[in-house]
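Everything below concerns the one structure shown next.
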Amino acid sequence: MDNTLSHEQHAQIQAHIQAHQHVPGGLMPLLHAIQDDIGYVPETVYPEIAKALALSVAEVHGVVSFYHHFRSHPIGKHVLQVCRAESCQSMGSAKLEAELKAKLGVDYHQTTADGNLTLLPVYCLGNCGCSPAVMLDDEVYGRMSADKVTALISEVCHG
Amino acid sequence: MVKVYVPIDSTALSLGAERTAKKIVQEAQARGVEITLVRNGSRGLFWLEPLVEVETAQGRVAFGPVQPSDVAGLFNAEFTNALADKAKAHPLYLGLTDELAWLKKQQRLTFARVGITDPLSLEDYLAHDGYQGLKNALAMSGADIVKAVTDSGLRGRGGAAFPTGIKWNTVLNAPAEQKYVVCNADEGDSGTYSDRMIMEDDPFVLIEGMTIAGIAVGATQGYIYLRSEYPHALKTLNEAIRKANLAGYLGENIQGSGHTFHLEVRRAAGAYVCGEETSLLESLEGKRGLVRFKPPLPAIEGLFGKPTIVNNVISLATVPIILDKGAQYYADYGMGRSRGTLPIQLAGNLKQTGLVELAFGATLRELLYDYGGGAASGRPIRAVQVGGPLGAYLPESQFDTPLDYEAFTKIWAVLGHGGIVAFDDTVDMAKMARYAFEFCAVESCGKCTPCRIGSTRGVEVMDKIVLGKNHPQNVQLLRDLSDTMLNGSLCALGGMTPYPVLSALNHFPEDFGLSNKEAAA
Ligand SMILES: NC(=O)c1ccc[n+]([C@@H]2O[C@H](COP(=O)([O-])OP(=O)(O)OC[C@H]3O[C@@H](n4cnc5c(N)ncnc54)[C@H](O)[C@@H]3O)[C@@H](O)[C@H]2O)c1
Ligand SMILES: Cc1cc2nc3c(=O)[nH]c(=O)nc-3n(C[C@H](O)[C@H](O)[C@H](O)COP(=O)(O)O)c2cc1C
Ligand code: SF4
Ligand code: FES
Ligand code: FES
């Protein structure tokens, strides 16, 4: 297996594979479970997943790569998703995203140099009544400005 | 002990409701004021969130928006004694919640309990007419339940507006050992959040609706396919399902009826196209979300090839009140062939955003100005997109269109899932047209060429138009491309992207560097 993974992570992945092996349509919940724990779905475990679920490795790869949510590489400790959809655009999200990229020194799908934060685009957070909206890890925030987001980041990610 | 309500809905949380709630508890303890804190859903007046309510003999009194820094002042004003003059004098005092103009004029059927109850209290749910629909359904035949849904006139609230009862009837009459009920909770449309509110703020109504659906057509397994962007809804649904199982409202032998219905939440993974029902089914089966050819319809060959009801959250959450109050009660609301009510979601550049449930027939103008209060920026509203990213942009001259499926079709627009996104006069409609193609390119499942290639070509053509290159030729190219996508796409992602594009071009040609005459040519 992957030597960048710890023993504990190996064990977690094994347990998830076993738990989902016989679940109808179990691949999606399995990938979620792995990514929730490890932060991504390591390519090195595709063969094991494939074997357990009677799929080909190509099929596992196909599913991971089809969905924006899944990733096969580790990312920052925290994730900031900035909404790019219409409602947020009507309230200045284009300016917000430009300012955030400049402040953080990263583009979408990149991680800050300290490995702390990954910036991702998202298409609607269901908070369109309070645009522009962002999501930091699992919490959504409304009526944001670049200053408010940077304050949030210091509070949540450095606090 | 006086009850104090602080919403736990995501939008309220996104504006700091959690900190407000904590601060209220702290301050109450410090001052020795005895309160019971209830975490309710949102009443849907987002410009007033966090909206704090206090129970009184005359009903609930509202204060808002309440930031943590306002809490000490509220206690100084003895706000928990909300009928006294001292509380009324507080600047955040809003009066009786039910008397607020925004709520008073609404016709809340699907959203009857939202904001009022504690979402995870089954006791609250039962005390507010919960599970009355199921009770009636358990005494009816499957065919009679389906007939009630058909007679109510309910049409799919996911956007396509197909009659729900007719869909159910197809599943009812499809012979099979195993059938499924799938709730489409992918809510990908920008400007929409009513599904989220139901799931976070009144989850039992969705569970009840799905249970009734299962019993009606003989399906024993249900899935809620929930978008991954909704972590709070996930927690709430799972907890509500656990409670419903414990109380015998899910699982085997439901309320001693002999009927079985199991329910499980499955998380999506951030693909907009997976809101399309066949792509959704592929995803539930653990595959890439490639759109399937129809026919066969999911009602005949759906999940794992079995007859499957696929319905939107709001469609399913509306079933309990129909079975409770009767088909006619629901059908008495509405206009033309759009029966009942629509939970409308006001979004974008508006002073007052939030949830407005009304019988079909109100005009866009009423929503934008009477409810919405005009643009948040104080500038004129120039364009409005209704029905999500695949919906048309409407100019001011169309604001008197009533919210009715057929009235929207007539002006080549889409009512869809009832989301309304307002833009002020700073919007650049050519940019919005470009964005529509860009979005389609990012989200295309790739199965058919008009969508996969057309969307990318669309972005390129828009770039040329914006730069002013070969105008007439490129506008013609834009129209041809749109035609190809409209007529040649397998699903509505490619097939409807021309709605925002062409409506922007036709109604706002000046943003494309064209005179009206050139645009029409
Ligand atoms: N809510 C959202 O977030 C969102 C996002 C994108 C698009 N949409 C909407 O989706 C719509 C397109 O959806 P669609 O492609 O599923 O539309 P559709 O017209 O193909 O189908 C509508 C529904 O009716 C069913 N149906 C049709 N004929 C039937 C029959 N004879 N018997 C039984 N069932 C039958 C279909 O299976 C489907 O469930 C668009 O109009 C758009 O407004 C909604
Ligand atoms: C690209 C695309 C995305 C869709 N997304 C959703 C969605 O997020 N939620 C939804 O209920 N319907 C969505 N639909 C419509 C579904 O295909 C289907 O019509 C609906 O779930 C049926 O339920 P209803 O009859 O209760 O509306 C989408 C359709 C398309 C083409
Ligand atoms: S129109 Fe687009 S999303 Fe729909 S099937 Fe074709 S390629 Fe897939
Ligand atoms: S994460 Fe959605 S575009 Fe990359
Ligand atoms: S469009 Fe940004 S939250 Fe919906």
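Note that this is a predicted model, so its numbers are computed, not measured.
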For A:C128 against B:S190, the heavy-atom pair lying closest together: SG-C, 4.3 Å
Residue from B:R267, B:R266, B:E264 passing side-chain contact (heavy atoms from CB on, under 4.5 Å) with A:P29: B:R266
Close side-chain approach of B:Y230 to A:V140, heavy-atom, < 4.5 Å: no
Min side-chain heavy-atom separation A:E86-B:P389 under 4.5 Å: yes
Spacing of A:D138 atom CG and B:H232 atom NE2 [to the nearest 0.5 Å]: 7.5 Å
Top of A:E139, A:Q89, A:M135 for chain B proximity - count of heavy-atom pairs under 4.5 angstrom: A:Q89
Crowding at NZ, A:K101 (>12 non-hydrogen neighbours, <6.0 Å): yes
Segment of B:M432 engaging chain A (4.5 angstrom heavy-atom cut-off): side chain
Within 6.0 angstrom of B:H262 NE2, more than 12 heavy atoms from elsewhere: yes
Part of B:Y435 lying under 4.5 Å from any heavy atom of chain A: side chain
Sidechain-backbone polar pair: B:T353 side chain, A:G129 backbone, donor-acceptor under 3.5 Å: yes
Option in B:R288, B:E229, B:Q385 with maximal non-hydrogen atom pairs under 4.5 Å from chain A: B:R288
Under 4.5 Å from any heavy atom of chain A - which part of B:Q221: neither
Under 4.5 Å from any heavy atom of chain A - which part of B:A376: side chain
Check: A:Y123 ring centroid to B:F439 ring centroid under 6.0 Å: yes
Side-chain H-bond candidate by donor/acceptor type, A:Y67 with B:S283, under 3.5 Å: yes
Contacts of A:P132 that satisfy side chain to side chain contact (heavy atoms under 4.5 Å, CB included) - sequence neighbours left out: A:C88, A:M91, A:S93, A:L96
Donor-acceptor contact present, side-chain B:R196 to main-chain A:G126, <3.5 Å: yes
Value rounded to 0.5 Å, distance of OG in B:S228 from CE in A:M28: 8.0 Å
Contacting moiety of B:D424, where chain A heavy atoms sit under 4.5 Å: neither
Between CZ on residue B:F423 and OG on residue A:S87, distance to nearest 0.5 Å: 7.5 Å
Nearest heavy atoms of A:S90 and B:V421, plus distance in Å: OG-CG1, 4.3 Å
Atom of A:H32, atom of B:A268 and distance for their closest heavy-atom approach: NE2-O, 2.7 Å
Nearest heavy-atom neighbours spanning B:G191 and A:C124: N-SG, 4.4 Å
Nearest heavy-atom neighbours spanning A:F66 and B:G289: CE2-N, 3.2 Å
Residues, nucleotides or ligands: over 12 heavy atoms within 6.0 Å of A:K148 NZ: yes
Stepwise side chain to side chain contact (heavy atoms under 4.5 Å, CB included) check, A:R84 with B:E438: CA-CA 11 Å; A:R84 296 199 61 211; B:E438 187 190 342; 3.1 Å; yes
Working for side chain to side chain donor-acceptor pair (under 3.5 Å), residues B:E443 and A:H68: CA-CA 9 Å; B:E443 299 297 338; A:H68 297 307; 3.2 Å; yes
Spacing of B:Y193 atom OH and A:L125 atom CG [to the nearest 0.5 Å]: 14.0 Å
Residue part contacting chain A, namely of B:E285, when any heavy atom lies under 4.5 Å: backbone
Side chain, backbone, both or neither of B:C445 within contact of chain A (heavy atoms, under 4.5 Å): both
Chi angles and distances behind the salt bridge (Lys or Arg N to Asp or Glu O under 4.0 Å) call for B:E49, A:R143: CA-CA 12 Å; B:E49 291 287 3; A:R143 296 195 202 121; over 6 Å; no
A:S131 OG to B:F46 CZ distance, which is reported to the nearest 0.5 Å: 11.0 Å
Chain A contact via B:A383 - which portion, at a heavy-atom distance below 4.5 Å: neither
Best-contacting candidate, B:E187, B:K287, B:K431, against chain A by heavy atom pairs under 4.5 angstrom: B:K287
Results of side chain to side chain contact (heavy atoms under 4.5 Å, CB included) for B:S444 - residues two or more places apart only: B:C451, B:R452
Nearest-0.5 Å distance, CG of residue B:L15 to CG of residue A:N127: 6.5 Å
Per-residue contact mode, B:S10 against chain A (heavy atom under 4.5 angstrom): both
